[in-house]
Amino acid sequence: MVLILANWEITEEGSRTWPSPLDEVPFWKREFPSWNNVTTVGPTGIRKDSDSELIHIVHVTAEMAPIAKVGGLGDVVTGLARSCMTRGHKVDVFLPFYECIDREQIEELKLIDTYSSYYDERWIETRLYGGVVLGIHVMFVEPLNDFFKGESVYGGSYDETEAYLFFSRACLEWLQVRGTEPDIIHVHEWQTGGLPLLYWDMYHYLSLKKSRIVLTIHNMEHYGECRQEQFSKCGLDGSVYATEEKAVDDRTIGHNPERLSLLKGGIVYSNAVVTVSPTYLKETLCSGWLAGTLIRHRDKYFGILNGIDTEIWNPATDAFLPAKFDAKKVEGKKQCKVYVQRGLGLDPEGDTDKVPLVVCITRLVAQKGLHLITNAIAYVNLLGGQMVVLGTAPDARVGREFEALAHSHNQGSNIRILLMYSEELSHMLYAAADIVLVPSVYEPCGLAQMIGMRYGAVPLVRKTGGLADTVFDVDDRLQPEMANGFVFEGIDEGSLNQAIDRAFSYYRQKAEEWRGLVKKVMEMDNSWNNTAGKYIDLYNSVRVRDQ
Ligand code: ADP
């Protein structure tokens, strides 16, 4: 007889059978008691905000973890929402009802309303569903046209710009029809950057008076380029916004036709604009074509570091881990490492502690330092370490490059390149890793290094954006109390290799200190409890108080 216990098989004799690459069902695709360890109530010890200060926040977003997550945006919406709820605030999330969303992960899903919302001189019949995801009340907007159909969150065969403009208006339309006026409408990225324009130039004149708008920019790479006639389809005249002070994309000035930028419009029209780390705030004020707009609106532009949801990311309770652990009892981490090594067919290191396992879990896009990731694969292999890359490449050329790398490495015993998205495997990899690599060219905040730390993986990062705000080099003598990882500055392979050399010799030659470092990174507080308060303060500074 074989018992299945947290996906680790224990035979009748009490010995364990390990997963193997030959298993019919890969170990990360087994059945898990998914998310049932994550409760609606946040971590204990969080104080509730005073009753008179409690507000209603509505997020309007293109992503939400875990049901519609592509990258950090999804994590941030879920983590921030849950943290605000823990403090006693009322939070709702509006999300497109993507066809790819797994309905099974939504509790209490039901149709709330059927209504019409405007698009391109017509009124589109739209359904609004309500449901609960990780304790958060979510409203799913489903237009009865081809928007949001397809196998993934992004990349469907509809016009994404128009679909998100429709979505932005459909959320406001519903709030107006139902007479709901939240204190704060919190929009994210270019996808919902059109909402502040619709709010102030249309719905505010109709009946929505009370709400104030906060925009968070998670990544300045995408500006939401939009032709004027595309914008006009949402019901506002696009040509009115084609000015430097409003939403024209400055790079297109003098071209025919000039274009709009939904992100720029969002910056101009929101009551407050946040980006996701203090260093990225400084970087964005100094470079990029939006710097001028951000400088003009400097008095309402803030840098608030993201946090992680320490209940979702908790190695002591994580349902996906074969063995649990925490900073006080780290033995389980070693078991997770051996489990992953066995499951992926990597050489288990035994008790030698000489084979550091590096993981890199990322979207494979230029921002993430693709040349540095490929270099790390070769260098880690050369040094006799192990490395697992878990990533997806939206660009076909990059995908082919990494497939070729996978082809040449995946039969060996040190490197695995896994080109897929798996929430489950990502949890197991963070738990198994000795080192989490984040070699980004630029990184607004970065969650991987924070999640890695929570799971006892020491971060090795490039000094940029939020990575510079969260990781401090062990060899930096100026602030030893902050030291928690390995940092390099250059964008070249040599700089990365030096950092890998330092990390590997630390791991191999200073075992005791390494254990101390693992404990230290696990004890660091990168949770939302630390930073959500800054958002609440910001919400309070812009909201309209009842007389
Ligand atoms: P970004 O938002 O730029 O993608 P972040 O570091 O802020 O980068 O957040 C990335 C999030 O997405 C993390 O939670 C990371 O674990 C997750 N992630 C990225 N790629 C994958 C993948 N292939 N499979 C599972 N999770 C992934």
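Note that ligands are numbered from 1 as they come in the structure, with each ligand's atoms numbered from 1 the same way. Note that these values count all heavy atoms, side chains included, but never hydrogens, waters or copies made by symmetry.
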Any atoms of ligand 1 less than 4.0 Å from a non-hydrogen atom of [X]? List them with their elements.
X	answer
A448	6 (O)
G446	6 (O), 7 (O)
S426	25 (C), 26 (N)
D75	11 (C), 13 (C), 14 (O)
R363	1 (P), 3 (O), 4 (O), 20 (N)
G391	23 (N)
Y430	15 (C), 16 (O)

Answer yes or no for M420: is there a heavy-atom contact with ligand 1 below 4.0 Å? yes

Could a heavy atom of C445 be found less than 4.0 Å from some atom of ligand 1? no

Measuring only between side-chain heavy atoms, which start at C-beta, is S261 closer than 4.5 Å to W289? yes

For residues P96 and M64, determine if any side-chain heavy atom of one lies less than 4.5 Å from a side-chain heavy atom of the other.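 A side-chain contact is absent here, since even the closest heavy-atom pair is not under 4.5 Å.
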
Between F97 and R103, is there a cation-pi geometry (under 6.0 Å to ring centre, at most 45° from the normal)? yes

Just by distance, with hydrogens left out, do Y421 and S152 show a side-chain donor and acceptor under 3.5 Å apart?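 No pair is found: no donor N or O on one side chain lies under 3.5 Å from an acceptor on the other.
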
Closest protein heavy atom to [atom], given as residue, atom name and distance to 0.1 Å:
atom	answer
atom 26 (N) of ligand 1	Y421 CE1, 3.4 Å
atom 2 (O) of ligand 1	G72 N, 2.6 Å
atom 18 (N) of ligand 1	I361 CG2, 3.9 Å
atom 24 (N) of ligand 1	S422 N, 3.2 Å

N/O to N/O below 3.5 Å, does that happen between I451 and ligand 1? no

What I want to know is whether E423 and ligand 1 share at least one N or O pair that is separated by under 3.5 angstrom.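 For ligand 1, there is no N or O atom that lies under 3.5 Å from one belonging to E423.
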
Heavy-atom nearest neighbour of atom 5 (P) of ligand 1 within options L429, L447, I312: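 Nearest option to atom 5 (P) of ligand 1, by heavy atoms: L447.
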
Regarding atom 8 (O) of ligand 1: of the candidates Q449, M450, K368, E424, which has the closest heavy atom? K368

Mark yes or no for whether [X], through its side chain, and [Y], through its backbone, hold a donor-acceptor pair below 3.5 Å.
X	Y	answer
H371	I491	yes
K300	V268	yes
R82	L134	yes

Determine whether Y539 and H186 satisfy the following criterion, side chain to side chain donor-acceptor pair (under 3.5 Å), listing intermediate values before the conclusion. CA-CA 9 Å; Y539 295 154; H186 192 154; 2.8 Å; yes

Inspect the contact between [Y] and [X] and indicate whether a charged nitrogen and a carboxylate oxygen are less than 4.0 angstrom apart.
X	Y	value
D318	K324	no
E225	R251	yes
R259	D249	no

Taking 4.0 Å as the limit for heavy-atom contacts, which would you say applies to L390 with ligand 1: side chain only, backbone only, both, or neither?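 Both backbone and side chain.
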
